[in-house]
Number of protein chains: 2
Amino acid sequence: MDPTKTNERSKTPKEAIRQAATELFAASGYAATGVRAIAAQAGVDPALVIRHFGSKEALFLETMRLEGPFLQIVTGPLDGMGERIVRYVLESGSESMGPIFVHLLRASDSEVVRAHVRNAVEDLYVEPVSRRLEGDEASLRARLVAAQIAGLITTLWVVPDPELTAANPGRLARIYGAAIQNIIDGR
Amino acid sequence: MDPTKTNERSKTPKEAIRQAATELFAASGYAATGVRAIAAQAGVDPALVIRHFGSKEALFLETMRLEGPFLQIVTGPLDGMGERIVRYVLESGSESMGPIFVHLLRASDSEVVRAHVRNAVEDLYVEPVSRRLEGDEASLRARLVAAQIAGLITTLWVVPDPELTAANPGRLARIYGAAIQNIIDGR
DNA sequence: GTCTATACGTCGATAGAC
DNA sequence: GTCTATCGACGTATAGAC
């Protein structure tokens with residue numbers, strides 16, 4: 001009569017909370033996910049959630065760790081890198097990295113969340129790209145590439161544009177990739 | 001005849017609420033601004049805020065109307081339009097349009113807010129740019145231009161990158177403008 | 001040391017008296 | 001129409017049971 005999941009008896013309560021939070025935040029975002037709902041799904045008391053993670057926001061950030069094989073993209077040849085970046089972003093939409101970015105940006109009303117995003121962008125995108133770029137103002141141009149990626153993610157998934165999400169990925173990669181390549185090559 | 005109310009110094013209560021909300025939302029964003037704080041600044045009862053505008057969210061959206069002379073930028077010549085767009089965005093940061101976009105994106109955890117942003121982007125950016133673009137896939141390319149603009153706004157002000165905000169505006173306009181121009185020109 | 005029960009303060013929103 | 005009183009839900013804190 002109750003098809004919801006049973007208690008994960010093989011795990012410690014803290015891990016059960018972390019897993020429940022990961023699922024619920026990923027499914028419904030930050031605001032729509034309550035501490036009591038997380039506790040219910042984990043099969044624990046709501047107070048335990050705060051006791052183990054300090055606050056709802058801290059738990060949110062812990063489940064929203066940005067990591068991905070983006071570095072591999074950047075270690076490839078400079079030629080065609082723009083298009084490869086776009087393809088990677090398009091694929092990451094259904095993967096782990098895309099949705100995480102989406103929920104983080106949507107919850108960026110908090111300064112703590114913004115700092116989290118800032119650090120992740122710096123480590124994941126700006127730093128590796130900056131290393132690879134040649135010519136003047138490599139750091140500046142790397143940040144503008146990151147801005148282009150952020151814009152694509154925003155328009156595709158944060159505030160989705162239906163016509164863009166339905167567009168042919170190959171055309172997107174070709175057109176937007178060329179624009180990114182323009183900054184990679186540096187005029 | 002209906003002479004003015006007892007409150008000669010202020011406008012009608014509804015307008016006082018609207019003005020107070022506009023100031024507070026612009027200064028502190030959506031989450032950090034409470035209904036009671038708005039009512040206090042407007043000098044009215046908190047219940048009036050909801051009664052006049054339905055909800056905090058509806059009042060927020062009413063104060064966050066996106067409008068600007070962006071259309072003038074797009075009516076100019078196609079040549080150099082990319083750079084002009086970037087300059088306009090950079091200037092709008094201290095103006096009315098920039099902060100509004102920032103607070104809307106930061107509050108985009110709500111589907112109602114997302115719809116608001118989607119409509120504004122469509123009317124303000126995509127539609128005018130799409131009209132001006134030549135060649136195939138004008139609509140798609142216009143949306144990718146909008147994506148680049150969104151990325152610039154995001155990286156400059158939604159989740160500010162200190163090194164970008166401190167960068168020379170002329171260099172930003174030249175580099176990022178060229179990338180936008182790449183899509184405007186269409187390969 | 002973990003976990004539970006309970007409660008506190010605040011939030012957006014509502015009902016009903018003047 | 002405007003205020004008083006209050007609602008239910010939220011995130012969070014704490015005392016104390018196992």
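So you know, we letter chains A, B, ... as the sequences are listed, proteins then strands, and number each from 1. Model, not experiment: these values are computed from the prediction.
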- Item | Pair listing, ring-ring contact (aromatic ring centres under 6.0 Å, His included) test, anchored in residues 163-183 of chain A, at least two apart | none

- Determine which pairs satisfy side chain to side chain donor-acceptor pair (under 3.5 Å) with at least one residue from residues 76-85 of chain A, sequence neighbours left out, and list them in order. A:E83-A:R87

- Query: How long is the line joining NZ of A:K14 and P of C:dC3, in whole Å?
  - Reply: 11 Å

- Sorted by chain and number, sequence neighbours left out, ring pair (Phe, Tyr, Trp, His ring centres under 6.0 Å) with B:F70 holds for B:Y88, B:Y125

Distance-only criterion, 3.5 Å: show the donor-acceptor pairs between side-chain atoms of residues 43-51 of chain A and protein atoms not counting sequence neighbours.
from, atom 1, to, atom 2, distance (Å)
A:D45, OD1, A:A47, N, 2.9

Protein-nucleotides 13-18 of chain C N/O pairs under 3.5 Å:
from, atom 1, to, atom 2, distance (Å)
C:dA13, OP2, B:K56, N, 2.7

- Heavy atom of residues 20-34 of chain B under 4.0 Å from DNA chain D: which residues? none

- For A:F60, the ring pair (Phe, Tyr, Trp, His ring centres under 6.0 Å) test, sequence neighbours excluded, returns A:F25, A:Y30

- Would one find a side-chain N or O of B:H52 under 4.0 angstrom from OP1 or OP2 of D:dT2? yes

- Message: In this structure, how many angstroms lie between the C1' atom of D:dA9 and the CD1 atom of A:I38, rounded?
- Response: 15 Å

- Note on the structure: Separation of D:dT6 atom C1' from B:D45 atom CG, nearest Å, is 13 Å

- Using a heavy-atom cut-off of under 4.0 Å over every strand shown, decide if A:L48 touches base, sugar-phosphate, or nothing. base

- Task: For the residue pair B:E15 and B:Q19, confirm or rule out a side-chain donor-acceptor distance under 3.5 Å.
- Result: no

Solution key, residues 109-116 of chain A side-chain donor-acceptor pairs under 3.5 Å, sequence neighbours excluded:
from, atom 1, to, atom 2, distance (Å)
A:D109, OD2, B:A31, N, 3.1
A:S110, OG, A:E57, OE2, 2.5
A:S110, OG, A:V112, N, 3.2
A:S110, OG, A:V113, N, 3.3
A:E111, OE1, A:R114, NE, 3.2
A:E111, OE1, A:R114, NH2, 3.0
A:E111, OE2, A:R118, NH2, 3.2
A:R114, NH1, A:S108, O, 2.8
A:R114, NH1, A:D109, O, 3.4
A:H116, NE2, A:M64, O, 3.0

- Listed once per pair and sorted, the ring-ring contact (aromatic ring centres under 6.0 Å, His included) pairs that draw on residues 150-173 of chain A, sequence neighbours left out: none

